[in-house]
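This report concerns only the one structure given below.
Order of the sequence lines sets the chain letters (A, B, ...), proteins ahead of strands, with each chain counted from 1. FYI, side chains are in, hydrogens and waters are out, and symmetry mates aren't considered; it's all heavy atoms of this structure.
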Amino acid sequence: MPELPEVETTLQGISPHIKKQRVNKVIIRQPKLRWPIPADLPQLIEQQILTSLSRRAKYLLLHFNTGTLLIHLGMSGSIRIIAAGTVAAKHDHFELEFTHQKSIRLTDPRRFGAVLWLGKEPYQHPLLSKLGPEPLSTSLTGDYLYQKSKDKKVSIKQFIMNQVIVTGIGNIYCAEALFLAGISPTRAAGNISLKRYQILVAQIKKTLDLAIAQGGTSLRDFVGSDGKPGYFKQELSVYGRTGLPCKQCNKALTEIKQAQRTTVYCTHCQT
DNA sequence: ATAATCACCTGCTCGC
DNA sequence: TGCGAGCAGGTGATTA
């Protein structure tokens, strides 16, 4: 999926088109996503004004006076702005049509995404209440990660991808940030110095910032809200580059599995 | 509590 | 060229 940069890119892409607009129609073509799309959603938000939009972790939040709608893109989801009434394709599962004749349309082949109604206290919802700090906020610091990692035996890769520790970082950007920080993905989280955590945090922020500026990473199906792909792919140092030369030392990059996920790294530059 | 594995779903790529 | 295995940006649920 869509990690934080792709979700943020989506948010920035759709906001100017639909903020403060009135929902005319809720269209549910395929309710079977990760959880069923609530059947009563039309009566909850039709004719309501979308007052604001935000992002928390990898979740998009659409705020109405009646409550908040959560959208998650799963592994293969994307949202596009289209003219209302545009013919739907196979995996176009959900759509919000606004009165000014624009729609946002959720396309998600694998259906790991979600559309949920959170009500008036969205941050009390179980999906949001346990999340760690936003990586681009000042609350993510090297010191914070260092304190959290005490006595932790899990690998740094899994530690950073745990949304309870820090949100928004998935398989691509975790691998990239670890490479830039020179930290082996297999190292135990509790066996990393404060100084190295400070470097890692700086590289995480730098990587995410750059990816957002590039419109995210498009591998196969991700597109921005305007239908164009993201261009961060060309910046990738390790993700998807197994066997290719390390950009720092030229040694062939190594691929391993960690918690069922592929990790690519340089055994020479990352220790 | 913590850690590892499973499950959800479709489509594409790779190796034979 | 065809076909099955394996893999893909995530994460809650289940098991140990």
Side-chain angles (χ1 to χ4, degrees), chain A residues 1-11 29-37 55-60 70-79 89-94 106-116 118 125-132 135 148-178 186 188-191 204 207-208 211-212 214-224 229-243 255-264:
Chain A
M1 132 176 185
E3 301 183 33
L4 184 150
E6 291 74 34
V7 179
E8 181 65 26
T9 296
T10 300
L11 171 69
R29 296 194 175 86
Q30 168 56 279
K32 294 180 182 176
L33 302 187
R34 174 145 203 198
W35 298 284
I37 297 177
R55 177 190 57 75
R56 175 72 174 109
K58 301 173 190 172
Y59 298 104
L60 280 171
L70 170 150
I71 301 178
H72 192 275
L73 300 177
M75 286 279 264
S76 58
S78 60
I79 292 177
K90 189 173 180 183
H91 300 296
D92 295 343
H93 308 312
F94 176 75
L106 172 68
T107 304
D108 183 10
R110 295 179 71 182
R111 289 194 272 124
F112 288 170
V115 176
L116 293 176
L118 304 187
H125 190 277
L127 288 178
L128 301 186
S129 64
K130 293 167 190 171
L131 293 171
K148 280 278 177 186
S149 70
K150 291 259 170 76
D151 301 323
K152 287 288 197 301
K153 292 167 189 168
V154 286
S155 69
I156 184 63
K157 168 97 182 307
Q158 292 167 70
F159 182 69
I160 292 302
M161 285 178 67
N162 181 345
Q163 305 297 299
V164 174
I165 301 299
V166 54
T167 63
I169 303 163
N171 209 34
I172 295 179
Y173 300 107
C174 185
E176 293 301 307
L178 287 171
T186 62
N191 187 25
I204 287 171
T207 303
L208 297 178
I212 292 168
Q214 302 266 36
T217 302
S218 289
L219 296 183
R220 43 180 66 79
D221 43 17
F222 181 79
V223 291
Y231 297 102
F232 190 73
K233 187 178 179 185
Q234 60 205 63
E235 309 287 336
L236 297 175
S237 296
V238 288
Y239 183 89
R241 298 192 67 245
T242 303
E255 177 175 316
I256 59 172
K257 284 283 180 196
Q258 295 180 287
Q260 334 283 73
R261 308 299 296 279
T262 297
T263 305
V264 184

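Straight-line distance from the CG atom of A:L127 to the C1' atom of C:dA13: 13 Å, rounded to whole Å. At whole-Å resolution of the value, CG in A:D108 and P in C:dT11 are 13 Å apart. The OH-P distance, from A:Y239 to C:dC7, rounds to 13 Å in whole Å. Between the CE atom of A:M75 and the C1' atom of B:dC9 there is a distance of 10 Å, given to the nearest Å. Distance A:K90 NZ to B:dC9 P: 15 Å, rounded to the nearest Å. Taking atom CD of residue A:Q258 and atom C1' of nucleotide C:dG10, one finds them 16 Å apart after rounding to whole Å. C:dT11 atom C1' lies 9 Å from atom CZ of A:R261, rounded to whole Å. Atom C1' of nucleotide B:dT2 and atom CZ of A:F159 are separated by 13 Å, given to the nearest angstrom.
Under the ring-ring contact (aromatic ring centres under 6.0 Å, His included) criterion, A:F232 pairs with A:Y173, not counting sequence neighbours. Annotation: ring-ring contact (aromatic ring centres under 6.0 Å, His included) contacts of A:F94 (sequence neighbours excluded): none. The side-chain hydrogen bond (donor to acceptor under 3.5 Å, both in side chains) check on A:T207 picks up nothing, with sequence neighbours excluded. In this structure A:E8 satisfies the side-chain hydrogen bond (donor to acceptor under 3.5 Å, both in side chains) test together with A:Q12, A:R55, sequence neighbours excluded.
Side-chain atoms of A:E176 come within 3.5 Å of backbone N or O of A:Y239 as a donor-acceptor pair. Using a distance-only test at 3.5 Å, with no hydrogens or angles considered, a donor-acceptor pair links the side chain of A:S155 to the main chain of A:Q158.
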_Which nucleotides of DNA chain C pair, in dot-bracket form (Watson-Crick or G-U under 3.5 Å, | meaning another strand)_ = .|||||||.|||||||
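Heavy atoms of other residues, nucleotides or ligands lying less than 6.0 angstrom from NZ of A:K150 number more than 12.
For B:dC9 and C:dT14, the P atoms lie 15 Å apart once the distance is rounded to whole Å. For the P atom pair drawn from B:dG11 and C:dT1, the interatomic distance equals 23 Å after rounding to whole Å.
OP1 and OP2 of C:dG10 both lie 4.0 Å or more from every side-chain N or O belonging to A:Q163. Under 4.0 angstrom from either OP1 or OP2 of C:dA8 there lies at least one side-chain N or O belonging to A:T262. Checking the phosphate oxygens (OP1, OP2) of C:dT11, a side-chain nitrogen or oxygen of A:H72 falls inside 4.0 Å.
No contact: A:K130 has no heavy atom under 4.0 Å from any strand. Heavy atoms of A:K257 sit under 4.0 angstrom from primed sugar atoms or phosphate atoms, though from no base atom. Using a 4.0 Å heavy-atom cutoff across all strands shown, A:Y173 reaches no nucleic acid atom at all. Within the nucleic acid shown, A:K153 comes within 4.0 Å of sugar-phosphate atoms alone, with no base atom in reach, counting heavy atoms only.
Side chain of A:K58, nearest nucleotide from C:dC7, C:dT11, B:dT2: C:dT11.
The shortest side-chain heavy-atom distance between A:L73 and A:E6 does not fall under the 4.5 Å cut-off.
To the nearest 0.5 angstrom, A:T263 atom OG1 is 8.5 Å from A:K257 atom NZ.
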For nucleotides 4-8 of chain B, tabulate all protein N/O to nucleotide N/O atom pairs closer than 3.5 Å, reporting atom names and distance.
none

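Side-chain N/O atoms of A:N191 and A:K153 include no donor and acceptor closer than 3.5 Å.
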